[in-house]
Every structure is written in structure tokens, then in C-alpha cells.
Visitor: 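Attaching a single structure in C-alpha cells format; questions to follow.
Ligands are counted one by one from 1 in listed order, and the atoms in each one are counted from 1 as well.
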Amino acid sequence: EKGGFEHFMLKEIFEQPKSIGDCMRGRLNAETAHIQLGGLINHLEKLAKAKRIVFVACGTSWHAGLVGEYLFEELARINVEVEYASEFRYRNPIIKEGDFVIAISQSGETADTLAALELAKQKGATILGICNVVGSSIARLTDAGVYTHAGPEIGVASTKAFTAQVTVLAMIAIATAKAKGTIDEGEYRRLLSEMAAVPQKVEEILKLDADIKDISKLFTFASNFIFLGRGINFPVALEGALKLKEISYIHAEGYPAAEMKHGPIALIDEDMPVVFIATKDSSYEKVVSNIQEVKARKGRVIAIINHGDTEVKNMVDFAIEIPTSHEMITPLLASIPLQLLSYHIAVLRGRNVDQPRNLAKSVTVE
Ligand code: F6R
């Protein structure tokens, strides 16, 4: 049932070209320039007029929500807040007419997320769900939603469910932007063809598995890690850190790269590995100077870069080269090497990667 893989997590990481493809199948067509999200058909127009979207989620799904924040703000020009479900539900949240509250949950059973959604419903918000498990409690409670169709995820650490959540968020954001007229036809078509190209590009990234395993061997005994990224790849840094701590039990922190100078830089020395997402996007130059700051303090740097970026490659200890894409879509690519890095480090440390200690696949207690 692990399909020849040593662990479910690895199988699920390698399934991503297919799971991302399945998530888009029948929904996104780059040739005809169409996005059709059956579950949202009656809500898209209203979503395009939304004053505010609040994402509620926990853990990895919360990170997907943060990616969604960048997508919806940039493409559809809608105000977005991303809330930990457990915090949202114990405040007295302000919900106004026209607000959308969108729950993101792989299992659809997370107690805090479900309760946050119930509260939002009581307060009159339109509630939507982005769930993986069909017929789950959250899916049943919502007014409408979009399933991620990633297939069953067995590994406790979420991988393919995360990329499917981001795929759904990107599709909704692009469709909303199109309905709203906040992106022009050229940009719309470019986004669709870049989305359609993701499965093939993920396939290419997975070929780096052996190289990433080699890098992992040199970091197996690290006791700390920092992950840095900016813009839409800042949440990818958070997710990279969470993945590593969950399965390897190495202490790791994710930060927006520019925050480093406000504290975390004090931690940098030759024993501190720092993972940068340094793809060629609008914050590239700034991230490059952050890399220089880490190197000047003898930190060991692993960087996710675009193919052929010799500038950063020559600056860092290890470079992992991924294909270029539209900036708004890079999280789907940049997160893959980080999953593999965590996986290999955890296996090398002898951890039970599919069933990490103290964690459950579905958190139905608050
Ligand atoms: C991380 C992980 C957890 C879940 C969180 C939310 O790898 O698995 O952080 O993401 O418990 O779960 P769902 O998405 O089922 O609501």
C-alpha cells in the first residue's frame, strides 16, 4: 500500500504531480482559458464583491491560508485575514455583512476549525470550506466549498494536502480576480498556463531527491534550523520549519527574511543552518542581501533558487535549483524540496516519520 516507498510520507510527496493535477482536473483549462469551480458556482459573484475574507485553520492548513492571503490580496484586491482557528473562536470576532469566512482543513474534522466556523456562521458570515475529506464535518457545515481531491493522506505530516490546498486557493483567487476585473486577460492566461505547468515542474523537482538526501546527511545532527522567505514564500518558510520540527524533532523557526535583523540574526553562527527561499521574484535582491548577512556570520546556507542562478549558487553552501514560474505560484514548487529535506533528515535520525510522537492526524480535541 506504500507503493514501493519506505514511508507513506515519501509516497505522498512523490504523488504530488498527480494530486495537484487531480485537484485541477475538470476545473482549470489553460487552453480554453477557463476556471470552473462547481462548488462555488453560486458564490463567485458575491466573493468578487467581498469586503473581507477571513481564513480560519490550524497548522499546515493555516500556512496554506497565509499563501491564500497573498494570492487574494495581490490578484483579487480583497482584504484578507488569516486566523488560527483556536484564537478566532475565543475572541469576539467582528463579522460584517459581506464577509466570507473560509475554513481550510485536510481532515475536515479539526475541532477548533469546526468551532470557529460555527461561530462565524452564527455571526452571519458566508462560510466556505476547503477540505480534503469528502463529507467531513466541516464540509457538511459550510454553505459551499471546494474539495482538494488530493486523495487520502496517511502520513501525519501534511504534504500533498498542503499543495492541493494552495492549488485550490490559487484557482479561487484567479477566478475571483477574473470575475472582478482586477487582472487583465494576458495576466489571467499566463496564470492559468503556469498553473497547468505545475505538475510537470513538480515532477522535475522530485528528481532532486537524491541530491537533497545527500545534503540532508550533512545536517542530520543539527540541533536548530532557521527558514527564511519573503512575500508569498514567507509562509513556505513557516511550513518548512513546521515540517522539520514535526518529524525530526529538530527545533526550527520560520521567519520573513527581513525580520532576521530584528532578533533571529543573534542566533547565527557556524552551527546554524539557514534555509532560504531565494527564487527570482520581486523580493529576490533583498533576500540575496539577507543571505550575505548570514554568510558574513558563518551560517551554513541551503538555498532554493531558480535554475541557472549562479549569483546565489556561488554564495551559498548548497543550492537546490527549481524551475521558474509565476511569482504567485512559486509556493507550489518551493515547498517540495523542503518536504524532502525534512523527510530525509528525519529518516536519518531514525524517527518514525509517518507517526511522529505526540501527534495525531486529525485533532478532534480542542
Ligand atoms: C502538519 C499537520 C497539522 C495539521 C493541522 C490541521 O503537518 O498535519 O499541523 O495541518 O492539525 O489539520 P487539518 O488540516 O486536518 O484541519
Side-chain angles (χ1 to χ4, degrees), residues 7-13 15-16 19 23 55-68 82-89 101-118 120 127-142 145-169 227 235-250 252-254 331 335-336 338-343 345-346 351-366:
H7 298 96
F8 282 109
M9 183 181 176
L10 191 62
K11 171 178 175 263
E12 288 159 4
I13 292 172
E15 262 169 21
Q16 288 173 110
S19 54
C23 179
F55 289 114
V56 292
C58 306
T60 288
S61 299
W62 185 78
H63 295 152
L66 283 178
V67 176
V82 189
E83 298 273 2
Y84 285 115
S86 55
E87 287 298 312
F88 179 86
R89 62 180 287 204
V101 175
I102 306 182
I104 307 172
S105 176
Q106 187 287 127
S107 62
E109 301 297 342
T110 302
D112 282 319
T113 309
L114 187 60
L117 209 54
E118 271 160 358
I127 56 170
L128 304 180
I130 298 173
C131 297
N132 195 40
V133 177
V134 175
S136 54
S137 304
I138 291 173
R140 281 184 278 123
L141 180 70
T142 47
V146 181
Y147 282 117
T148 45
H149 292 323
E153 191 179 63
I154 312 291
V156 163
S158 187
T159 53
K160 65 172 181 172
F162 172 74
T163 49
Q165 288 165 341
V166 173
T167 303
V168 165
L169 287 163
F227 289 74
V236 175
L238 295 181
E239 175 57 13
L242 178 63
K243 218 78 306 168
L244 185 69
K245 40 189 155 187
E246 287 184 290
I247 59 169
S248 72
Y249 318 148
I250 294 174
E253 295 199 51
S335 53
I336 312 287
L338 303 187
Q339 296 170 347
L340 287 168
L341 186 72
S342 301
Y343 171 79
I345 292 178
R351 304 304 191 205
N352 183 351
V353 291
D354 283 337
Q355 289 271 295
R357 68 185 181 201
N358 310 338
L359 292 174
K361 185 66 189 161
S362 164
V363 184
T364 53
V365 291
E366 59 170 271

Visitor: Under a plain distance cut-off of 3.5 Å, with no hydrogens placed, do E109 and S137 share a side-chain donor-acceptor pair?
Guide: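 E109 and S137 do have a side-chain donor-acceptor pair below 3.5 Å.
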Visitor: List every atom of ligand 1 that sits less than 4.0 Å from any heavy atom of S61, numbering the atoms from 1 in the order shown and giving each element.
Guide: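 In order of numbering, the contacting atoms are 10 (O), 13 (P), 14 (O).
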Visitor: Quick one: does any side-chain atom of E239 pair with a main-chain N or O of S335 as donor and acceptor, under 3.5 Å?
Guide: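 Pair absent, no side-chain N/O of E239 close to backbone of S335.
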Visitor: If I apply the N/O under 3.5 Å rule, does Q106 come out as touching ligand 1?
Guide: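 Checking ligand 1 against Q106, an N or O pair does fall under 3.5 Å apart.
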Visitor: Number the atoms of ligand 1 from 1 as they appear, then name those within less than 4.0 Å of a heavy atom of K243, with their elements.
Guide: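 Reading through ligand 1 atom by atom, the close ones are 1 (C), 7 (O).
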Visitor: Looking at C131, S86, S61, S105, which hits side-chain contact (heavy atoms from CB on, under 4.5 Å) with T110?
Guide: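 Going through the options one by one, the only one that passes is S105.
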Visitor: Show your reasoning for whether side-chain contact (heavy atoms from CB on, under 4.5 Å) applies to T60 and K243.
Guide: CA-CA 9 Å; T60 288; K243 218 78 306 168; 3.1 Å; yes
Visitor: If you have a sec, work out which protein heavy atom is nearest atom 12 (O) of ligand 1 and how many Å separate them, to one decimal?
Guide: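 Checking every protein heavy atom, the shortest distance to atom 12 (O) of ligand 1 gives T110 OG1, 3.5 Å.
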Visitor: Passes side-chain contact (heavy atoms from CB on, under 4.5 Å), V101 versus L117? Steps please.
Guide: CA-CA 7 Å; V101 175; L117 209 54; 4.2 Å; yes
Visitor: Would C58 count as a contact of ligand 1 if the rule is a heavy atom under 4.0 Å away?
Guide: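 Yes, that is the case, since the closest heavy atom of the residue is under 4.0 Å from the ligand.
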Visitor: Show the nearest heavy-atom pair for residues S136 and S107, with the distance to one decimal.
Guide: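 In terms of heavy atoms, the two residues are closest at CB-O, 3.3 Å.
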Visitor: What part of E246 sits under 4.0 Å from ligand 1 if we count only heavy atoms: the side chain, the backbone, both or neither?
Guide: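 Side chain only.
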Visitor: Need the ligand 1 atom indices (1-based, order shown) with element for anything under 4.0 Å from a heavy-atom of S105.
Guide: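 Atoms satisfying the 4.0 Å criterion: 13 (P), 14 (O), 15 (O), 16 (O).
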Visitor: Identify the closest protein heavy atom to atom 11 (O) of ligand 1: which residue and atom is it, and at what distance?
Guide: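 Protein heavy atom at minimum distance: V363 CG2, 4.0 Å.
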Visitor: Should you measure from each heavy atom of S158, which atoms of ligand 1 turn up under 4.0 Å away?
Guide: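 Reading through ligand 1 atom by atom, the close ones are 7 (O), 8 (O).
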Visitor: Okay, side chain of N132, backbone of A150: is any donor-acceptor separation there less than 3.5 Å?
Guide: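 The answer is yes, because a donor-acceptor pair under 3.5 Å joins these two groups.
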Visitor: Heavy atoms only: which of V156, V133, T60 lies closest to atom 8 (O) of ligand 1?
Guide: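 It is V156 that holds the nearest heavy atom.
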Visitor: Could you give all pairs that pass the salt bridge (charged side-chain N to carboxylate O under 4.0 Å, His left out) test and reach residues 354-364, with sequence neighbours left out?
Guide: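 Passing the test, one end in residues 354-364: E153-K361.
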Visitor: Which atoms of ligand 1 sit under 4.0 Å from any heavy atom of A157?
Guide: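 Contacts of ligand 1 toward A157, numbered from 1: 7 (O).
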